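Because the structure is a prediction, the values reported are computed rather than measured. The chain is numbered in sequence order, starting from 1. No hydrogens, no waters, no symmetry mates; every other heavy atom, side chains included, goes into these values.
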Amino acid sequence: MADEVLKTEGLTLHYGGSQILNGIDMAAAKGEITCVMGTNGVGKTSLLKAISGTHAYSGGSLSLNGEAISHASAHALAQKGVAYVPQGRDIFPLLTVRENLETGFACLPKSEHNIPDHIFELFPILKEFLNRRGGDLSGGQQQQLAIARALITKPKLLLLDEPTEGIQPNIIQQIGRVIALLREQADMAIVLVEQYFSFAYDLGDRFYVLERGAVKMSGQKAELDRDALLAGVSV
C-alpha cells in the first residue's frame with residue numbers, strides 16, 4: 001500500500017481470560033480514512049486501544065511507517081505520532097479549554113509548545129471558550145476539544161473512536177467536515193471507529209468490518225457494495 005502508516009498483522013488481545021481480538025490484519029494509509037465498523041462488542045474500541053498503547057495486545061505485530069513497534073507505551077506511541085481520541089473524550093473537566101489543549105504539548109519539543117492558528121480555524125468555538133472549563137462545554141464542544149487536543153500533537157496517525165456519539169446533528173456535520181479536511185491535507189492516516197453508518201460511509205476510503213473480534217469483510221470503498229457493507233454492520 002502506498003504511504004502505509006499503520007500495519008497490524010495477527011493482532012490478538014485478551015481481557016483476563018477472554019480473547020477480544022482474534023488475529024486482526026489491517027492497514028491505514030496517509031491521506032485516507034480507514035473505517036472500522038461492526039455492531040457493539042465486536043472489538044472495535046479494543047483494536048484502537050491496542051494500536052494506541054492504552055491496552056497491551058497479546059500477540060501479533062504492529063508497525064508504524066514501516067518500523068516494527070513492540071508493545072510500546074501510550075506515551076512512546078504518542079511521541080511517534082499516534083494520537084487517540086477515545087470514546088467518552090476524556091477531557092479534563094476542571095481545566096480550561098486552553099489548559100486542555102496544552103496537555104497535548106507533552107509529546108512535543110519545547111520549541112513547539114504553542115497552539116497553532118489552524119486549530120481555531122477548524123474549531124472556532126474553542127477560541128471563544130479558551131478560558132471556560134472543559135466540564136462546562138456541551139458534549140459536541142467537548143468532542144471538538146478532544147480532537148483539537150489530539151491535533152496539537154501533530155499526529156501521523158489519528159485514531160477516532162465514535163466521534164459522533166451523543167452529539168447534536170449540526171456538530172456531527174462540522175466534525176465530518178474537519179475529518180474530510182484533514183484527509184485532504186494528506187499528512188496523516190485516519191482510523192475512524194463509527195456506528196453511524198452514513199457518516200462513516202460518506203467519509204471512508206477503506207473499510208474493515210469486525211465480527212467476534214475478527215475481520216469478516218474489508219476493502220476499498222470502490223470494491224465493496226454499500227448494501228452488503230450495511231448488512232455486515234447491522235445487528
Side-chain angles (χ1 to χ4, degrees), residues 1 3-8 11 21 24-54 62 64 77-78 81-90 122-123 139-140 142-151 153 155-167 169 171-211 215-224 226 229-230 232-234:
M1 184 194 293
D3 288 329
E4 185 176 83
V5 174
L6 168 72
K7 186 172 188 180
T8 75
L11 208 65
L21 299 179
I24 302 286
D25 296 341
M26 72 171 283
K30 185 189 287 189
E32 283 191 359
I33 295 170
T34 302
C35 292
V36 179
M37 304 176 77
T39 55
N40 279 330
V42 296
K44 304 185 300 294
T45 292
S46 297
L47 178 59
L48 291 196
K49 286 182 173 180
I51 295 167
S52 65
T54 52
L62 190 156
L64 285 173
L77 286 167
V82 179
Y84 176 39
V85 182
Q87 197 173 11
R89 304 179 271 275
D90 284 5
L122 293 172
F123 301 110
Q142 288 183 4
Q143 185 65 62
Q144 292 175 77
L145 175 56
I147 296 171
R149 178 179 61 186
L151 295 177
T153 68
K156 298 180 179 73
L157 175 64
L158 177 63
L159 308 172
L160 299 171
D161 194 358
E162 303 275 8
T164 68
E165 186 178 49
I167 290 176
I171 304 282
I172 289 176
Q173 289 174 343
Q174 186 185 355
I175 287 171
R177 285 193 295 270
V178 167
I179 295 170
L181 186 64
L182 294 174
R183 171 184 48 203
E184 284 165 28
Q185 291 170 353
D187 54 8
M188 68 178 77
I190 299 169
V191 176
L192 171 66
V193 163
E194 185 53 64
Q195 292 272 60
Y196 180 11
F197 180 82
S198 59
F199 180 85
Y201 188 79
D202 289 348
L203 284 170
D205 298 296
R206 177 182 295 271
F207 295 86
Y208 290 87
V209 178
L210 301 191
E211 186 177 87
V215 177
K216 76 162 182 178
M217 187 188 305
S218 66
Q220 292 285 92
K221 188 184 225 166
E223 302 165 357
L224 297 171
R226 187 184 191 278
L229 191 62
L230 178 57
V233 302
S234 301

Non-hydrogen side-chain atoms of [X] and [Y] separated by less than 4.5 Å:
| X | Y | answer |
| --- | --- | --- |
| Val215 | Asp25 | no |
| Leu182 | Leu151 | yes |
| Phe197 | Met37 | yes |

What's the separation between atom [atom1] in [X] and atom [atom2] in [Y], rounded to the nearest 0.5 Å?
| X | Y | atom1 | atom2 | value |
| --- | --- | --- | --- | --- |
| Asp90 | Gln142 | CG | CD | 10.5 Å |
| Ile167 | Glu162 | CD1 | CD | 10.5 Å |
| Glu194 | Ile33 | CD | CD1 | 11.5 Å |
| Leu48 | Leu159 | CG | CG | 5.5 Å |

Sidechain-backbone polar pair: [X] side chain, [Y] backbone, donor-acceptor under 3.5 Å:
| X | Y | value |
| --- | --- | --- |
| Lys216 | Gly232 | yes |
| Lys156 | Val5 | no |
| Tyr208 | Ala27 | yes |
| Lys44 | Val209 | no |

Nearest non-hydrogen partners of [X] and [Y], listed with the distance:
| X | Y | answer |
| --- | --- | --- |
| Thr34 | Ala29 | OG1-N, 4.4 Å |
| Pro163 | Val193 | CD-O, 3.7 Å |
| Leu224 | Met217 | CD2-CG, 4.0 Å |
| Ile51 | Leu62 | CA-CD1, 3.6 Å |
| Met26 | Leu47 | SD-CD2, 3.5 Å |
| Val191 | Ala28 | CG2-CB, 3.8 Å |

Let's go through Leu77 and Leu64 carefully: what are the C-alpha distance in whole Å and the side-chain angles of both, what is the deciding distance for side chain to side chain contact (heavy atoms under 4.5 Å, CB included) to 0.1 Å, and is it a yes or a no?
CA-CA 9 Å; Leu77 286 167; Leu64 285 173; 3.9 Å; yes
So, using side chain to side chain donor-acceptor pair (under 3.5 Å) as the criterion, who are the partners of Asp205 when residues are at least two apart?
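Residues passing side chain to side chain donor-acceptor pair (under 3.5 Å) with Asp205: Arg183.
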Please list, chain by chain and in numerical order, all residues satisfying ring-ring contact (aromatic ring centres under 6.0 Å, His included) with Tyr84, sequence neighbours excluded.
none
Given the rule in the side chain to side chain contact (heavy atoms under 4.5 Å, CB included) test, do Tyr201 and Val233 qualify, once you have shown the distances and angles that lead to the verdict?
CA-CA 11 Å; Tyr201 188 79; Val233 302; over 6 Å; no
For a side chain to side chain contact (heavy atoms under 4.5 Å, CB included) check, start with the C-alpha distance between Leu21 and Lys49, then their side-chain angles and the critical distance, and finish with the verdict.
CA-CA 11 Å; Leu21 299 179; Lys49 286 182 173 180; over 6 Å; no
Name of the residue among Thr164, Leu158, Leu160 meeting side chain to side chain contact (heavy atoms under 4.5 Å, CB included) with Leu192
Leu160
Side chain to side chain contact (heavy atoms under 4.5 Å, CB included) partners of Gln173, counting only residues at least two apart:
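For Gln173 the side chain to side chain contact (heavy atoms under 4.5 Å, CB included) partners, ignoring immediate neighbours, are Arg177.
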Just one of Gln195, Gln87, Arg89 clears the side-chain hydrogen bond (donor to acceptor under 3.5 Å, both in side chains) bar with Glu165, so which one?
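One option only clears the test, and that one is Gln87.
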